[in-house]
Amino acid sequence: MEHKILFTGVAGAGKTTAIAAVSEIATMNTDVRNTDQSLGKETTTVGLDYGELTLEGGDKLRLYGTPGQMRFDFMWHILARGALGLIILIDNRRPDPIADLDVYLNGFKQLINDTACVVAVGRTETHGTPDIEEFAIHLEAKGILCPVLPTDVRDTAQVVQLLELLMLQLEAKH
Amino acid sequence: MDMHTSSAATRAQFNYGVEGLKASEELLLKSLVRLLAGRTQHQWVYHPQAPDVWILAHGLPAPISSGPAPAPIITVGKTEKQAPDYLNLPLRPNEIEAAFNRVGGTILESRIQATQDTDVNLYPASYKLSRWPRVHLLGSAERMRLATLLLSRPLTLAQLSRQSGLSPIVCEGFIDDLKTTGLIETLRIQVVQTPAIKTTEAQNSSPVDSTAPLSLFARIRNRLNQRVTGNS
């Protein structure tokens, strides 16, 4: 059987890095040269990222990174079908990270309601505002109860922790 | 603050004993259990005088139990048998970790059940978080797991302990800390559990259900742990 988990977030939030941190295969993506100087990186993913893990018994866990740009939001709904859950990556360097969060809470509303999600906030060590408490209060106001934690997606253990917290929520709901 | 390491002091501790293995295999097993101490869901101490679980060479009869119930057994052998309570030689850390986690969870659950059996309170308190707590309350990976579970649905102390794999004392300490924040709601839900049902449940539950297949989520968790430990 095949199962999938989605990583979403703005361009530059670290979806490609997060998937590469845990995937057992070389991640596949559709990176192109970045022409948006505000992203501060040479390439960006315009399609999707893909990684996978083989589980005991032979099942595949497929890890998809959605395209970050809103103009690709039609792909979000396609990818969300049948997903186990969602990890939202936030880049705290951005002008309004809370507004970024809202984009994905709205874009994946059905998936979040049906399954579970975890919010991971990156670059908090250099950009402390908004803090985790503000994200938690905002999520509560939106009626969404999920973990929200500072994360460095370059660290495999921290990405694994995001996935473990997602699993815990799913187990508790089943 | 390191949120990604396990705190050994907060986990339930169990003893294990070893019988019938070659000296080199026994030494390797003990070394691997010590090396895995930071990763296993419970703490494991070699204590053959009072083991909670026996690690036995294939074909060896179960040791005579001095306690009220026989200790569960993990068998070690070379038959390539694929079973949760069977470790194939040569020993592999990820298989040891999975087997110890599984049997530890079962022991913990049976102890919680024993506590519940003596609990006459039919309205145990259930707890539910209204939102993710402040960072200063989440100083360990264990506390993040507890907070995540308490966000998901109302849980009694026993349920929280069972689902997290952490001792009831640790869970209670976290709930007490949360009570000071006003973020946790205490509910009273009637538990419909008659003595007759309890007896039937006790009769039907063996100390270790070694044949139960791992859930999808447990298999994903095991695979992720292997990625962190570098076993694949």
Side-chain angles (χ1 to χ4, degrees), chain A residues 1 3 5 21-24 51-61 63 84-85 116-119 121 124 128 131-152 155-174, chain B residues 1-6 38-39 41 82 84 94-95 98 128-138 140-155 159-160 162-165 181 183 185 213-232:
Chain A
M1 282 192 69
H3 315 279
I5 291 174
V22 292
S23 174
E24 69 189 12
E52 68 181 34
L53 288 168
T54 306
L55 309 178
E56 188 181 321
D59 288 8
K60 291 281 185 194
L61 177 64
L63 308 169
L84 290 176
C117 88
V118 175
V119 176
V121 185
T124 54
D131 64 13
I132 297 300
E133 178 76 354
E134 288 176 75
F135 283 103
I137 291 169
H138 185 73
L139 286 163
E140 181 189 18
K142 302 274 288 186
I144 295 170
L145 299 178
C146 72
V148 48
L149 54 158
T151 304
D152 182 344
D155 180 356
T156 299
Q158 295 193 36
V159 179
V160 165
Q161 184 177 45
L162 299 176
L163 291 163
E164 284 182 338
L165 296 183
L166 193 69
M167 291 304 110
L168 265 186
Q169 291 178 82
L170 294 167
E171 279 179 317
K173 288 180 178 179
H174 283 72
Chain B
M1 179 171 58
D2 183 358
M3 296 180 179
H4 307 282
T5 56
S6 294
R39 293 216 48 84
Q41 291 168 2
Q82 297 294 322
N94 58 320
E95 291 175 6
K128 177 89 168 69
L129 264 173
S130 59
R131 70 170 157 85
W132 191 246
R134 286 178 178 275
V135 172
H136 75 269
L137 285 170
L138 300 169
S140 66
E142 282 85 0
R143 286 195 156 213
M144 289 216 187
R145 281 162 51 198
L146 292 173
T148 300
L149 287 167
L150 288 168
L151 270 184
S152 301
R153 66 184 179 92
L155 293 170
Q159 289 169 329
L160 183 62
R162 186 182 308 128
Q163 292 201 14
S164 66
T181 67
L183 292 179
E185 190 180 359
L214 283 176
S215 74
L216 169 64
F217 306 125
R219 284 185 291 145
I220 293 174
R221 186 174 294 113
N222 284 346
R223 188 70 186 92
L224 291 169
N225 285 337
Q226 289 169 9
R227 297 299 291 164
V228 174
T229 54
N231 286 329
S232 61

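Quick note on labels: first sequence line is chain A, next is B, and so on, each numbered from 1. Reckoned from all heavy atoms, side chains included, excluding hydrogens, waters and symmetry mates.
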- Nearest 0.5 Å please: distance from the CG atom of A:Leu53 over to the CD atom of B:Gln226.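 Result: 9.5 Å between the selected atoms.
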- Item | Point-to-point distance, once rounded to the nearest 0.5 Å, from CD of B:Glu185 to CG of B:Leu150 |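 With rounding to 0.5 Å, CD (B:Glu185) is 12.0 Å from CG (B:Leu150).
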Quick check for you: among [options], which has the greatest number of heavy-atom pairs under 4.5 Å with chain B?
options: A:Leu55, A:Val148, A:Val118; answer: A:Val148
options: A:Ile132, A:Leu61, A:Thr156, A:Val22; answer: A:Val22
options: A:Ala172, A:Ala21, A:Gly57; answer: A:Ala172

- Please flag which part of A:Ile144 lies under 4.5 Å from any non-hydrogen atom of chain B: side chain, backbone, both or neither.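 Neither the backbone nor the side chain of A:Ile144 comes within 4.5 Å of chain B.
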- Heavy-atom contact with chain B under 4.5 Å, split by part of A:Leu165: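 The answer is both parts of A:Leu165.
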- Query: Looking only at atom types and distance, does a side-chain atom of A:Thr54 sit under 3.5 Å from a main-chain N or O of A:Lys60, one as donor and one as acceptor?
  - Reply: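 Between the backbone of A:Lys60 and the side chain of A:Thr54 there is no qualifying donor-acceptor contact (under 3.5 Å).
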- Would you find a donor on one side and an acceptor on the other, under 3.5 Å apart, between the side chain of B:Arg131 and the backbone of A:Leu139?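 Side chain of B:Arg131 to backbone of A:Leu139: no pair is present.
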- Message: Which residues pass the side-chain contact (heavy atoms from CB on, under 4.5 Å) test with A:Glu134, not counting sequence neighbours?
- Response: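 side-chain contact (heavy atoms from CB on, under 4.5 Å) check on A:Glu134 returns A:Thr129, A:Pro130, A:Asp131.
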- Query: Taking only residues two or more places apart in sequence, or in another chain, which ones meet A:Leu145 in a side-chain contact (heavy atoms from CB on, under 4.5 Å)?
  - Reply: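 A:Leu145 satisfies side-chain contact (heavy atoms from CB on, under 4.5 Å) with B:Lys128, B:Leu151 only.
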Heavy-atom proximity to chain A below 4.5 Å, by part of [X]:
X: B:Arg153; answer: side chain
X: B:Ser130; answer: both
X: B:Leu155; answer: neither

